[in-house]
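These notes concern the structure reproduced below.
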Number of protein chains: 2
Amino acid sequence: MSDRSGPATIRDVARRAGVSTATVSRVLAGIGNPKVETSGAVLAAVEALDYRPSAVARSLRMRRTNTFGLIVTDIQNPFFPELVQAADDAARKVGYSILLGSAAFDEHRAVHYLDLMADRRVDGMIVASSQVAEESWRWLSESPVPVVVVNAEPANVPITVITSDNRAGLRTAAEHLIGLGHRRMAYVRGLEGITADQPRVEGFRAACRDAGIPDADLIELRGDAQFAGGERAVSELLSSGGDVTAIACHNDITAIGALRALRAARIRVPADISVVGCDDIAAASWVVPALTTIAQQKADMGRMAVERLLAMLDAREGGIVPETIRVPMVLQVRESTGPARLGGIGS
Amino acid sequence: MSDRSGPATIRDVARRAGVSTATVSRVLAGIGNPKVETSGAVLAAVEALDYRPSAVARSLRMRRTNTFGLIVTDIQNPFFPELVQAADDAARKVGYSILLGSAAFDEHRAVHYLDLMADRRVDGMIVASSQVAEESWRWLSESPVPVVVVNAEPANVPITVITSDNRAGLRTAAEHLIGLGHRRMAYVRGLEGITADQPRVEGFRAACRDAGIPDADLIELRGDAQFAGGERAVSELLSSGGDVTAIACHNDITAIGALRALRAARIRVPADISVVGCDDIAAASWVVPALTTIAQQKADMGRMAVERLLAMLDAREGGIVPETIRVPMVLQVRESTGPARLGGIGS
DNA sequence: GGCCATCCTGTAATCGATTGCCTTGGGCGT
DNA sequence: ACGCCCAAGGCAATCGATTACAGGATGGCC
């Protein structure tokens, strides 16, 4: 009858050590200064019974779970794992764990996870998903549990946001291309309505304007933030005779799709056309030519999100004012960009 | 004083509805048949207070958390997210959630997560990581909580395993190449000691033997299951003058590295050399030429792992005998394989 | 020797739910 | 009109930890 019913409890330990549960708890927490024989007996009993305190019971009593919820748009998008890993690292370091939810592009799932995490009484939430309705943002911002939003910008809701500086990032991309002599360019946008879509084109356009390139000269195409969208957009561009020397894309996956379309059309990159992506996922350096891209500091963002949450927890009631933090993006030059050709594609 | 201290509890609801907590609990659980006015009052109170039962308290009382732990080798490896997503889908469908841990190639972290999940009293664990020491496997197999191991095969430990049929898979790969006329081939192995490494080479070799290709004719190279290893192994092969018409790789990332080395050497794929990978990650179809590969049924495996866990939970004490399930791998022909050239590389 | 401060440890309440058992009361049969 | 039975719902124990408070032993000091 050693383990009649599940793992050993604090009472089993107390009994075996011949002390009260209070003492066991105190010895393990290292408070008070127990006599050596007492703590010795407790530790021996702990060892013998292979006792591990139940986080469930502790959470109930302490009213905190030492858990943060993290909701991402889609765990299969290579952007997120790095964010998740960084958040997990930072959390683990201070004794927290991460409960992950992948919305898989589905608003209902996102809401489901919001509820789930509320039910689980997580101590804080990181929401890295734009699959969240207006109404849910409001609910989140009014919730008593600390929330940090990553890479989304709910309009008119006072809430802490950590986001890549998309506008500045794509401005950098444009400047890089313009510096290489490109003036006739195309931009493949992301999925309509995705948060980053708007600021990215705008940043790109702004740099063009500054360089004196007429708005009308920039060809805007619609992608879907996936491989297929990039491939389709660019092959349509080519078949409709669009004559550009550079293509910028909403993200790397789109850019990789673009590379494939160009290759299918026997157009050389970067000799004939330069391509630039955005995000810097691992595959960006695997493709040929390796993709020049604007890197998001995913790991930093994950770490910052957790740190922010911890700060909010400390400040409890002190009230940290919601703030929008823009993390710079950095230009990563690889092989897919080069000097603009002078003539047309056919030359 | 609406919410003096955190979320509403069942007692708040009971008070407001003028009933006991027992009744609230029963109404919400849908047991007994409460009078309409009672259940009406309860539901109204629930609504008004925005009451959500605490999963923490419930877990303590019910002695189950409705949570499964899932430990993966490295969430940044594109193989895992799909597994995670599938497991999460299957779990969510029956009211469970997944607590994720990424060992990040570190044995200590893997053990840390094992402990963490034990403390959290998860109802079952899926271990998709070979970063687990012999001793931990034994501990797991003796643990009273159901465990399913994915893509690892602890030796001499009675435990339920779900794994891709690596041997048969790579046999298929070899047969595909041999069918295309290849006889002088190279195989880039994975990281030494990684579980899948051995069976994969063996499967490949077995098919070669069956086709009458002398063992000595197969050139074996050591990679690291990453991009860099594939690239390095193949460029060394080329510079040492190895003359092959096909290269099989431990996994897709390695194969993508191989493609890059071949390209750098101006060797055409598949015209000069065919390349085949293994896993079928998303990037396999992004690269040029798109990679022929042996696909692992990642989603199936994730789903099966959860189903297995649920079955073990049902069978409680009935005792399901540990069993090793081999999931077939399927050949995915894309562009990187073709008929063998007749002459040498230089011809 | 007596008194008080100090140090350890035990007692019991508490966190928020679920559930076995018991009470209450209404309906129905005779 | 009386008694029986059953349905509805309340009481209180329980899950496994933490912690405020109380109490007993010990030692120091006068």
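Order of the sequence lines fixes the chain letters, A, B, ..., with proteins taken first and strands second; residue numbering starts at 1 for each chain.
For the pair A:R11 CZ and C:dT11 P, the computed distance is 12 Å after rounding to whole Å. Atom CD1 in B:I10 sits about 14 Å away from atom P in C:dC15, given to the nearest Å. Atoms CE (A:M62) and C1' (D:dC15) sit 18 Å apart, rounded to a whole Å. Taking atom CG of B:D119 as the reference point, atom P of D:dA17 lies 10 Å away to the nearest angstrom. In this structure, the CZ atom of A:R58 is 16 Å from the C1' atom of D:dC15, given to the nearest Å. Regarding A:R63, its CZ atom lies at a distance of 10 Å from the P atom of C:dA17, rounded to whole Å. We find that CG of B:L60 is positioned 12 Å from P of C:dT18, with the value rounded to whole Å. Rounding to whole angstrom units, CG of residue A:L28 and C1' of D:dT18 are separated by 12 Å.
In this structure, B:S25 reaches the C:dT18 phosphate: one of its side-chain N or O atoms is under 4.0 Å from OP1 or OP2.
Residue-level contact check: A:S54 touches the backbone only, with heavy atoms under 4.0 Å from sugar-phosphate atoms and none from bases. Across all strands, B:R61 comes closer than 4.0 Å to base atoms (heavy-atom distances).
Looking at heavy atoms from C-beta onward, B:R120 lies out of side-chain contact with A:V56 at the 4.5 angstrom threshold. Taking the side chain as every heavy atom from C-beta outward, B:T23 and B:T38 approach each other to under 4.5 Å. Using a 4.5 Å heavy-atom threshold, the side chains of B:I159 and B:L140 count as touching. At a threshold of 4.5 Å between non-hydrogen side-chain atoms, the residues A:Y51 and A:D12 do not count as touching.
A salt bridge is absent between A:D88 and A:R303: the closest approach of a Lys/Arg side-chain nitrogen to an acidic carboxylate oxygen does not fall below 4.0 angstrom.
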Footprint string (nucleotides 5-11 of chain D, 5' to 3'): B base within contact, S backbone only, - free, heavy atoms under 4.0 Å
---SBBB
Show your reasoning for whether side chain to side chain donor-acceptor pair (under 3.5 Å) applies to A:E134 and A:N156.
CA-CA 10 Å; A:E134 170 84 22; A:N156 308 321; 5.7 Å; no
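Between the side chains of A:Q85 and B:S102, a donor-acceptor pair is found at a separation under 3.5 Å.
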